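Given the structure is predicted, the values throughout are model-derived calculations rather than measurements. In what follows, residues are counted from 1 in the order of the sequence shown.
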Amino acid sequence: MNLQVARAFVRKELSQILRDPRLRGITMFMPVIQLLLLVSAARLDLKDAPVAILDLDRTSESRSLRERVAASPFFRLRADLQSAAEVEPLLREGTVSAVMEIPRNFGRDLESGRTAQVGLYVDGSDANTAALVSGDLSAIAQDAGMVRLMARQRLAYGTPRFPGVELRPRVWFNPELESKWFMVPAVLAMTIFLTTIMASSNAIVKEKVVPYFLTSTWVTTLVLFFAWLVFGVRPLGSLLLLYPAIWLFLLSSLGIGLLISTVAQTQQQAMVMASFFMMPMMIYLSGFTFPIRNMPTWLQDFTYLIPLRYFLIVIRGIYLKGAGIVDLWQQWVAIATYGITAMVVAVWRLDRQLR
């Protein structure tokens with residue numbers, strides 16, 4: 001009997017999907033779109049990681065090391081710094097992933113056969129990227145020192161007489177390179193987004209936004225509390241800065257959810273559109289899992305349409321770096337613009353449907 005009920009239910013749902021052109025299109029084409037997005041976005045290898053160099057030696061040896069970093073396909077040289085005071089702002093704002101400091105006497109140490117030490121300041125907020133950056137820059141530095149020794153001493157590769165170059169990394173914001181500090185804020189952001197969009201996308205036309213906003217704020221507070229209680233992860237920055245960013249992001253999420261509710265004709269359509277269309281884009285294209293800079297250029301440009309992209313930068317910045325409004329104001333503006341636009345369009349469509 002239970003088997004007959006199950007078969008009847010499956011036939012009913014399948015016939016409903018086939019009769020509904022919107023559901024039919026989503027269920028048939030979304031798997032293909034998800035495959036294309038995942039294959040294009042799922043790149044965990046290092047590519048075009050932004051770095052800066054502070055050359056305090058300014059010799060032919062230090063310039064040679066700089067040129068090797070700039071020529072590497074794994075890195076993109078963003079800036080040549082003039083003083084150590086420029087290092088922290090670049091790392092805190094996320095402008096670069098690492099800063100290589102070539103100290104004074106670097107060239108003289110190589111000439112005399114002593115180990116030439118090079119400093120490296122790494123943004124440890126993304127543990128995986130930090131490890132890759134440190135390893136690849138260390139290999140470049142050691143290779144540069146070896147080439148210099150070979151040219152000077154005419155030695156065969158692999159039998160050096162001198163130690164060469166030693167890279168000394170210093171990891172900022174996440175010294176232990178624990179992935180939870182990178183992932184927990186991202187999971188918090190994703191939870192906020194999915195909870196809000198799923199609820200509001202099923203909203204009845206006459207329902208208002210305020211209950212969803214208040215409920216989402218309460219759920220967010222619970223999630224923040226349990227993230228601290230269970231994982232020991234709490235923001236280094238101010239909650240007075242975090243909550244306004246959360247409210248702006250909630251505005252964006254509610255606007256998207258309500259917009260879906262105005263497009264969908266049934267709750268089933270709304271659920272399918274929210275889960276099959278919005279969720280993959282948020283997970284794959286926001287920087288939640290895969291670094292955006294590793295994606296193809298056309299896909300990187302598309303990620304600017306994803307509000308979660310901006311909120312992830314904000315919440316990770318506040319949690320990991322104690323970032324302030326000066327560091328995050330551009331992301332705030334983007335979230336606010338997205339939220340206001342989404343809400344205005346959703347209200348406009350709701351108003352048209354009520355007439």
Side-chain angles (χ1 to χ4, degrees), residues 50 52 78-79 81 83-99 121-126 129-130 171-175 180-193 196 209 213-214 216-225 227-228 233-256 282 285-288 291-293 300 303-344:
R78 290 290 300 269
L81 308 186
S83 69
E86 300 176 74
V87 174
E88 182 175 357
L90 289 177
L91 290 173
R92 188 172 297 279
E93 294 169 8
T95 305
V96 297
S97 298
V99 176
Y121 305 101
V122 184
D123 180 358
S125 55
D126 184 347
T129 299
V171 181
W172 288 20
F173 312 126
N174 185 12
K180 68 177 183 179
W181 285 96
F182 180 75
M183 288 305 300
V184 168
V187 173
L188 291 177
M190 183 62 72
T191 302
I192 293 170
F193 178 81
T196 307
V209 175
F213 190 88
L214 295 177
S216 299
T217 301
W218 170 243
V219 171
T220 299
T221 302
L222 285 178
V223 171
L224 292 175
F225 173 73
W228 167 74
V233 176
R234 60 182 180 85
L236 297 180
S238 172
L239 288 175
L240 296 178
L241 184 63
L242 179 61
Y243 265 90
I246 290 174
W247 290 329
L248 288 175
F249 183 61
L250 284 176
L251 190 66
S252 301
S253 304
L254 287 170
I256 294 173
M282 294 298 158
L285 304 181
S286 64
F288 175 81
I292 293 176
R293 63 172 172 269
Q300 291 185 36
T303 62
Y304 287 106
L305 299 176
I306 309 297
L308 187 59
R309 169 196 170 119
Y310 307 105
F311 186 62
L312 283 177
I313 296 175
V314 171
I315 194 171
R316 282 171 172 163
I318 294 175
Y319 260 84
L320 284 152
K321 304 176 181 181
I325 189 64
V326 176
D327 306 310
L328 302 171
W329 70 269
Q330 292 178 319
Q331 317 305 325
W332 271 54
V333 171
I335 296 173
T337 302
Y338 201 108
I340 293 172
T341 303
M343 191 59 68
V344 167

- Chi angles and distances behind the side-chain contact (heavy atoms from CB on, under 4.5 Å) call for Trp332, Leu241: CA-CA 10 Å; Trp332 271 54; Leu241 184 63; 3.2 Å; yes

- Message: Over 60° means perpendicular and under 30° means parallel, so tell me whether Phe213 and Trp247 are parallel, tilted or perpendicular.
- Response: tilted

- Could you point out which residue of Arg316, Arg92, Lys321 forms a salt bridge (Lys or Arg N to Asp or Glu O under 4.0 Å) with Asp123? Lys321

- Atom pair CD1/CD1 of Ile335 and Ile340 - distance to nearest 0.5 Å: 12.0 Å

- Message: Do Leu236 and Leu320 have side chains that approach each other closer than 4.5 Å (heavy atoms only, starting at C-beta)?
- Response: no

- Using the side-chain contact (heavy atoms from CB on, under 4.5 Å) rule, take Val314 and Leu248 through it: C-alpha gap first, then chi angles, then the decisive distance, then the call. CA-CA 11 Å; Val314 171; Leu248 288 175; over 6 Å; no

- Task: Determine the minimum heavy-atom distance between Arg293 and Thr129, stating which atoms define it.
- Result: NH2-CG2, 2.8 Å

- Minimum heavy-atom distance between Trp172 and Val87, given as atom pair plus value: CH2-CG1, 4.1 Å

- Message: Nearest 0.5 angstrom please: Ile306 CD1 to Ser252 OG, how far?
- Response: 11.5 Å

- CZ/Phe288 to CZ/Phe182 distance, rounded to the nearest 0.5 angstrom? 9.0 Å

- Are side-chain N/O atoms of Thr221 and Tyr243 paired as donor and acceptor at under 3.5 Å? yes

- Which atom names give the shortest non-hydrogen contact between Ala245 and Phe311, and what distance separates them? O-CE1, 3.7 Å

- If you look at every heavy atom in Met343 and Gly255, which pair is closest and at what distance? CE-N, 3.6 Å

- Message: Pair Tyr304, Tyr310 - check side-chain contact (heavy atoms from CB on, under 4.5 Å), show working.
- Response: CA-CA 8 Å; Tyr304 287 106; Tyr310 307 105; 3.5 Å; yes

- Atom pair CG/CD1 of Leu251 and Ile246 - distance to nearest 0.5 Å: 14.0 Å

- Return the minimal non-hydrogen interatomic distance between Ser216 and Thr220, and the atom names on each side. O-OG1, 2.7 Å

- Item | Over all atoms of both residues, closest heavy-atom pair of Leu242 and Ile318 | CA-CD1, 3.8 Å

- For the side chain of Thr303 and the backbone of Gln300, is there at least one donor-acceptor N/O pair under 3.5 Å apart? yes

- Please walk me through it: do Phe249 and Thr196 pass side-chain contact (heavy atoms from CB on, under 4.5 Å)? CA-CA 10 Å; Phe249 183 61; Thr196 307; over 6 Å; no

- Query: Distance from Asn174 atom CG to Tyr319 atom OH, nearest 0.5 Å?
  - Reply: 14.5 Å

- Query: Say you draw a straight line from CD1 of Ile315 to CD1 of Ile192; how long is it, rounded to the nearest 0.5 Å?
  - Reply: 5.5 Å

